[in-house]
A.B. asks: 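The structure's right below; bear with me while I get my questions together.
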Amino acid sequence: MATLTDAKRIVIKIGSALLVDRNTGALRSDWLLGLAQDVSWLKGLGCDVVLVSSGSIALGRGVLGLPRTTLALEQSQAAAAVGQIRLARAYEEALAPHGITTAQVLVTLEDSADRRRYLNSRATMEQLLSLGVVPIVNENDTVATDEIRFGDNDRLAAQIAVTVGADQLILLSDVDGFYSGNPSVDPTAIRYDVIDTITPEIEAMAGDAGSGLSKGGMKTKVMAARTATAAGCAMAITEGSVLRPLTALEEGANATWFTAQVDPQAARKRWIAAMKPQGSITLDAGAVAALSRGKSLLPAGVSAVSGDFGRGDTVALLTPEGHVIGTGLTRYASQEAAQIAGHRSDEIEAILGYPGRAALIHRDDMAL
């Protein structure tokens, strides 16, 4: 079974019921301060932490005096706009005493469905994490409509875990794991400690989307587990209302762990290798040697560009003799790549007229 101290990068999903009091609409400040202690503990172990947090609509609803019934889309978006700034400030104030800088990242389903937006999101998150920042991620409810929504933060958290290459995803929920049935109505329901494979039987136990105790139910959590584990990320469901929920999990609190069969980087490499190349990039001998040592591909190591491809597309990587040695996701469209081929990275802005990324293909976006 996984332990938090083993993780190098953790995504933690926080439901609105944990953050916001159902009756008053006020922030549960004591709970948030306890969570901040847990985040500080994980950071002290050298672990990158990303928080996927609900709560903006719940907070904004109270401030605006909106009814507790189902809100119209425009009301939800207005509540989110008011609540998001308060939510971000609450996290900032809770984590700052621990010397932790926070950043607000708002996303929609389009940001993961569109390859270019996905790469932009990934690059931004990687930069934030490399600087020691804790990103606070939420769906951009102020602009998202049904067509571009994740719809629930379980699946959003799983997609963020895939995007950042996390090795653990923790869903802090109002249930303490995955049960064979709804424990509130079925006294014979049993909780699973570990699920190695998401079988049709497991999916059937999850029931319909509205049958669980949390918003979206257990079905969305199983869908999140399928996404995360396929990308090499283990996932846990645990009850999160205690003041130090992550410490409690590490000390043996009830939970269900969905195990991953491969590590995140291997899963990502396999995904890239399975894509059909839209073009090719020929390398010089020096670049071939650099890639074999785990380096990124810089424009200076490119001798030729072939095909018509866009940013984020897959391209084949060729030796000077024309042999394919791998594939990668390019950070430049074919016309741009052809212009900067053979040039140093510090010449990119002068050639293209705008500052670009130093690497043509980052080593994390390459399968050799």
Side-chain angles (χ1 to χ4, degrees), residues 9 48 105 107 110-131 133 159 162-165 231-232 263-368:
R9 183 167 290 179
D48 294 332
V105 179
V107 298
E110 283 187 336
D111 295 320
S112 63
D114 181 271
R115 184 76 58 77
R116 295 183 186 184
R117 292 191 184 188
Y118 169 81
L119 288 175
N120 278 333
S121 298
R122 179 179 170 83
T124 299
M125 296 284 280
E126 285 290 346
Q127 185 62 44
L128 289 170
L129 292 170
S130 72
L131 294 170
V133 174
Q159 185 58 55
V162 173
T163 299
V164 302
D263 68 81
Q265 194 61 24
R268 178 171 174 77
K269 300 284 188 182
R270 189 187 317 172
W271 170 66
I272 294 172
M275 292 182 177
K276 180 181 178 181
Q278 303 300 308
S280 64
I281 293 176
T282 302
L283 319 180
D284 62 26
V288 172
L291 265 57
S292 69
R293 298 193 301 271
K295 302 295 185 180
S296 298
L297 175 61
L298 303 180
V302 175
S303 58
V305 175
S306 177
D308 183 13
F309 52 83
R311 182 172 181 266
D313 283 343
T314 306
V315 295
L317 302 174
L318 310 180
T319 67
E321 297 76 30
H323 301 304
V324 177
I325 60 169
T327 55
L329 305 181
T330 175
R331 294 185 166 191
Y332 290 92
S334 51
Q335 291 183 336
E336 297 168 319
Q339 287 179 271
I340 62 177
H343 291 275
R344 299 192 313 273
S345 297
D346 59 9
E347 298 178 292
I348 291 175
E349 184 172 3
I351 295 170
L352 298 181
Y354 54 85
R357 303 189 188 279
L360 185 63
I361 300 177
H362 192 274
R363 61 185 180 184
D364 290 343
D365 296 331
M366 220 179 284
L368 300 178

A.B. asks: Any chance CG of Asp346 has more than 12 other-residue heavy atoms, nucleotides or ligands included, within less than 6.0 Å?
C.D. replies: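 Count over threshold, so yes.
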
A.B. asks: Looking only at heavy atoms, which two atoms of Ser296 and Ile361 are closest? And how far apart?
C.D. replies: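 Of all heavy-atom pairs spanning Ser296 and Ile361, the closest is CB-O, 3.5 Å.
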
A.B. asks: Report yes if the side chains of Gln265 and Lys269 come closer than 4.5 Å at any heavy-atom pair, otherwise no.
C.D. replies: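 Of all side-chain heavy-atom pairs linking Lys269 with Gln265, at least one is under 4.5 Å.
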
A.B. asks: Roughly how far apart are His362 NE2 and Lys295 NZ, rounded to 0.5 Å?
C.D. replies: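 Output value for this atom pair is 11.0 Å.
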
A.B. asks: Applying the side-chain contact (heavy atoms from CB on, under 4.5 Å) criterion to Leu317, which one of Val302, Val324, Leu291 satisfies it?
C.D. replies: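 With Leu317 as partner, Val302, Val324, Leu291 yield a single side-chain contact (heavy atoms from CB on, under 4.5 Å), made by Leu291.
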
A.B. asks: Looking at Glu347, is its backbone amide N or carbonyl O close enough to the side chain of Glu349 to form a donor-acceptor pair, meaning the two atoms are under 3.5 Å apart?
C.D. replies: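 No.
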
A.B. asks: For Thr314 versus Leu329, what's the shortest heavy-atom pair and its separation?
C.D. replies: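 Minimum heavy-atom contact is OG1-CD2, 3.4 Å.
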
A.B. asks: Once you round to the nearest 0.5 Å, how far does CD1 of Ile340 lie from CD1 of Ile348?
C.D. replies: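 Answer rounded to 0.5 Å: 4.5 Å.
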
A.B. asks: For Ser334 versus Val305, what's the shortest heavy-atom pair and its separation?
C.D. replies: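 Between these two residues, the closest heavy atoms are O-CG1, 3.9 Å.
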
A.B. asks: So if I apply the side-chain contact (heavy atoms from CB on, under 4.5 Å) rule between Pro277 and each of Val315, Thr327, Thr330, which one comes out positive?
C.D. replies: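 Result: among Val315, Thr327, Thr330, Thr327 is the only option passing the side-chain contact (heavy atoms from CB on, under 4.5 Å) with Pro277.
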
A.B. asks: Using atom types as modelled and distance alone, determine if a side-chain donor or acceptor of Ser303 lies under 3.5 Å from a backbone N or O of Thr282.
C.D. replies: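 Such a contact is found between Ser303 side chain and Thr282 backbone.
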
A.B. asks: Considering non-hydrogen atoms only, spot the tightest contact between Ala123 and Arg357 and give its length.
C.D. replies: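 Shortest heavy-atom contact: CB-NH1, 3.7 Å.
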
A.B. asks: So how far is it from Arg363 CZ to Asp365 CG, rounded to the nearest 0.5 Å?
C.D. replies: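 The CG atom of Asp365 is 11.5 Å from CZ of Arg363, to the nearest 0.5 Å.
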
A.B. asks: Using 0.5 Å steps for rounding, measure from the OG atom of Ser130 to the CG atom of Asp48.
C.D. replies: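 Going from the OG atom of Ser130 to the CG atom of Asp48 covers 8.5 Å.
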
A.B. asks: So, using side chain to side chain donor-acceptor pair (under 3.5 Å) as the criterion, who are the partners of Arg122 when residues are at least two apart?
C.D. replies: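 Residues passing side chain to side chain donor-acceptor pair (under 3.5 Å) with Arg122: none at all.
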
A.B. asks: Taking all heavy atoms of Pro320 and all of Val288, pick out the closest pair and write down the distance.
C.D. replies: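 Heavy atoms of Pro320 and Val288 come nearest at CD-CG2, 4.0 Å.
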
A.B. asks: To the nearest 0.5 Å, how far apart are NE2 in His343 and CG in Leu360?
C.D. replies: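 Going from NE2 on His343 over to CG on Leu360, the span is 12.5 Å.
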
A.B. asks: Please report the closest heavy-atom contact between Phe309 and Tyr332, naming both atoms and the distance.
C.D. replies: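 Heavy-atom minimum between the residues: CE1-O, 3.5 Å.
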
A.B. asks: What distance separates Asp313 CG from Arg311 CZ, expressed to the nearest 0.5 Å?
C.D. replies: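 It comes to 11.0 Å.
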
A.B. asks: I'd like to know whether Val107 forms a side-chain contact (heavy atoms from CB on, under 4.5 Å) with Gln159, so could you lay out the CA-CA distance, the side-chain angles of the two residues, the decisive distance to 0.1 Å, and finally the verdict.
C.D. replies: CA-CA 11 Å; Val107 298; Gln159 185 58 55; over 6 Å; no

A.B. asks: Using modelled atom types only, decide if a donor and an acceptor are shared between the side chain of Arg9 and the backbone of Gly165 within a distance under 3.5 Å.
C.D. replies: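 Flag not set: sc Arg9 to bb Gly165 has no pair under 3.5 Å.
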
